[in-house]
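I have placed the structure first, in the form of structure tokens, so that the comments after it can refer back to it.
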Amino acid sequence: MKTTNKYNLPSVFERFVQANAHTKGGADYSVTGLIDSPRVQRLRLKHYREREEDLSQKAWSILGTAVHAILEGGAEPEQIVEERFHAEIPCDSGSVTVSGQVDLQTPTSQGYIISDYKTTSAFAVQANPEGKPEHVKQLNCYAALARLNEVEVAGVEVIAIVRDWTASGLDRSPNYPCAPIVRIPIEMWSEEVAYQYLVDRASAHTHEDLPECTFEEMWARPPVYALYELAKNKELRKRASKLFDNQTDAEAMSLGLPGSEVIERPRKFARCEGDYCGVSQWCEQYKSVKEI
């Protein structure tokens with residue numbers, strides 16, 4: 001993949017990115033790759049040489065790497081930092097090696113607490129008080145790998161460093177993060193469920209056919225039904241009066257507003273439309289949904 005520098009950033013950024021490139025630790029799949037869309041992963045591999053990414057797009061990745069490096073030096077002697085676990089996971093085609101690097105393991109009388117550092121936004125913490133779905137999957141995969149390496153796991157958590165936290169935010173919302181750094185306990189799956197999830201994901205990634213992305217993997221937003229009322233000039237207003245999640249409620253209100261109209265705003269696929277996957281231009285699935 002070609003790395004560009006459209007904004008003429010100092011060469012230190014390029015060297016930093018090269019020195020801290022994501023690695024699978026010699027495994028076939030990393031946990032972060034395994035929980036992601038198989039379609040995205042295969043298209044990234046297929047079009048690796050054609051893809052481009054600008055250094056400026058690495059901003060949050062650089063911040064996250066810096067946070068990890070700083071906190072690694074602050075660990076207590078009994079804590080374990082940045083340990084990578086490997087395990088052979090069976091799948092339809094035989095087996096694959098999966099690895100996952102755990103940021104911090106803290107011993108307790110019941111086993112180790114697995115912690116993962118995340119640099120994130122206040123909105124993301126507010127919207128996901130129990131952790132983002134992908135974080136729940138990631139931490140439980142780490143727990144499964146740790147168990148396969150004979151480590152007793154007592155719990156899993158995200159330690160969120162809220163990059164845009166402000167004290168004034170506490171006054172605006174009761175769900176605002178209480179501090180710039182917060183611990184988010186993650187629901188820990190049973191040993192059987194977590195292991196089976198690893199097996200299912202390994203099979204999904206090694207399946208012969210190219211699977212389609214799910215709505216969740218495409219960051220799909222449901223359709224919205226917008227109610228437009230008549231203006232004084234008897235034409236529909238340019239801005240909607242109200243937005244509805246379902247057509248029935250929108251049509252019901254429209255019946256009481258003569259001349260009003262309900263217009264459906266189609267479902268959005270945020271990951272594809274923003275090319276956050278990096279391969280939307282080569283994706284036949286995305287092309288097909290755009291044509292609907």
Side-chain angles (χ1 to χ4, degrees), residues 21-48 80 82-106 108 110-118 128 130-158 184-220 271-272 276-279 283-285:
H22 175 72
T23 175
K24 295 181 286 187
D28 297 310
Y29 297 95
S30 67
V31 164
T32 51
L34 201 71
I35 66 175
D36 197 6
S37 158
R39 185 180 191 87
V40 167
Q41 294 297 308
R42 291 198 207 176
L43 287 176
R44 284 177 179 174
L45 182 61
K46 180 179 179 180
H47 298 282
Y48 182 81
I80 303 172
E82 303 296 336
E83 181 176 15
R84 182 175 291 276
F85 293 115
H86 291 76
E88 286 290 327
I89 304 300
C91 60
D92 293 343
S93 60
S95 68
V96 294
T97 307
V98 177
S99 77
Q101 185 160 301
V102 176
D103 293 337
L104 179 68
Q105 298 172 70
T106 303
T108 71
Q110 289 80 40
Y112 283 90
I113 300 292
I114 289 178
S115 305
D116 194 67
Y117 305 130
K118 299 293 185 187
N128 303 275
E130 298 179 352
K132 286 185 174 182
E134 59 266 33
H135 296 166
V136 175
K137 297 171 185 175
Q138 181 182 0
L139 267 294
N140 276 286
C141 284
Y142 287 163
L145 290 178
R147 294 189 195 102
L148 290 171
N149 284 270
E150 301 183 353
V151 174
E152 188 72 26
V153 181
V156 292
E157 67 175 3
V158 162
I184 303 175
I186 299 296
E187 178 187 2
M188 190 165 69
W189 301 340
S190 70
E191 183 174 347
E192 295 76 15
V193 169
Y195 178 74
Q196 187 59 50
Y197 179 76
L198 279 179
V199 173
D200 291 343
R201 294 308 297 169
S203 295
H205 278 269
T206 56
H207 197 277
E208 183 177 353
D209 296 329
L210 181 64
E212 291 198 339
C213 288
T214 64
F215 277 4
E216 180 182 1
E217 291 166 342
M218 298 168 78
W219 302 353
R271 189 181 191 186
C272 312
Y276 294 109
C277 62
V279 290
C283 181
E284 293 300 324
Q285 181 185 2

Do [X] and [Y] touch side chain to side chain, with heavy atoms closer than 4.5 Å?
| X | Y | result |
| --- | --- | --- |
| Leu210 | Arg42 | yes |
| Tyr29 | Thr206 | yes |
| Val40 | Cys283 | no |
| Pro38 | Arg201 | yes |

Compare every heavy atom of [Y] with every heavy atom of [X], then report the nearest pair and how far apart it is.
| X | Y | value |
| --- | --- | --- |
| His86 | Asn149 | O-ND2, 3.0 Å |
| Leu139 | Glu157 | CD1-O, 3.6 Å |
| Val199 | Pro90 | CG1-O, 3.6 Å |
| Ser37 | Arg271 | CB-NH1, 4.5 Å |
| Ile184 | Glu130 | CG2-C, 3.9 Å |
| Thr23 | Gly25 | OG1-N, 3.0 Å |

Please indicate whether [X] has more than 12 foreign heavy atoms, meaning atoms of other residues, nucleotides or ligands, lying under 6.0 Å from its [atom1].
| X | atom1 | answer |
| --- | --- | --- |
| Phe85 | CZ | yes |
| Glu88 | CD | yes |
| Lys24 | NZ | no |

So how far is it from [X] [atom1] to [Y] [atom2], rounded to the nearest 0.5 Å?
| X | Y | atom1 | atom2 | answer |
| --- | --- | --- | --- | --- |
| Glu134 | Cys141 | CD | SG | 12.5 Å |
| Thr32 | Gln41 | OG1 | CD | 7.5 Å |
| Ile89 | Leu34 | CD1 | CG | 8.5 Å |
| Gln285 | Cys272 | CD | SG | 7.0 Å |
| His205 | Asp28 | NE2 | CG | 12.0 Å |
| Glu83 | Tyr142 | CD | OH | 12.5 Å |

Mind running side chain to side chain contact (heavy atoms under 4.5 Å, CB included) on Ser115 and Ile113 for me, showing each step along the way? CA-CA 6 Å; Ser115 305; Ile113 300 292; 4.0 Å; yes
Knowing that exactly one of Asp36, Ile186, Val156, Val31 qualifies, which makes a side-chain contact (heavy atoms from CB on, under 4.5 Å) with Gln138? Val31
Among Ile114, Leu145, Ile80, Asp116, exactly one meets side-chain contact (heavy atoms from CB on, under 4.5 Å) together with Val102. Which residue is that? Ile114
Keeping the roles fixed (side chain from [X], backbone from [Y]), state whether a donor-acceptor pair exists under 3.5 Å.
| X | Y | answer |
| --- | --- | --- |
| Asn140 | Trp189 | yes |
| Arg44 | Val279 | no |
| Arg39 | Cys213 | no |

Salt bridge between Glu216 and Lys137, side-chain N to carboxylate O under 4.0 Å? yes
Under a 3.5 Å cutoff, is there a donor and acceptor pairing between the side chains of Glu82 and Gln101? yes
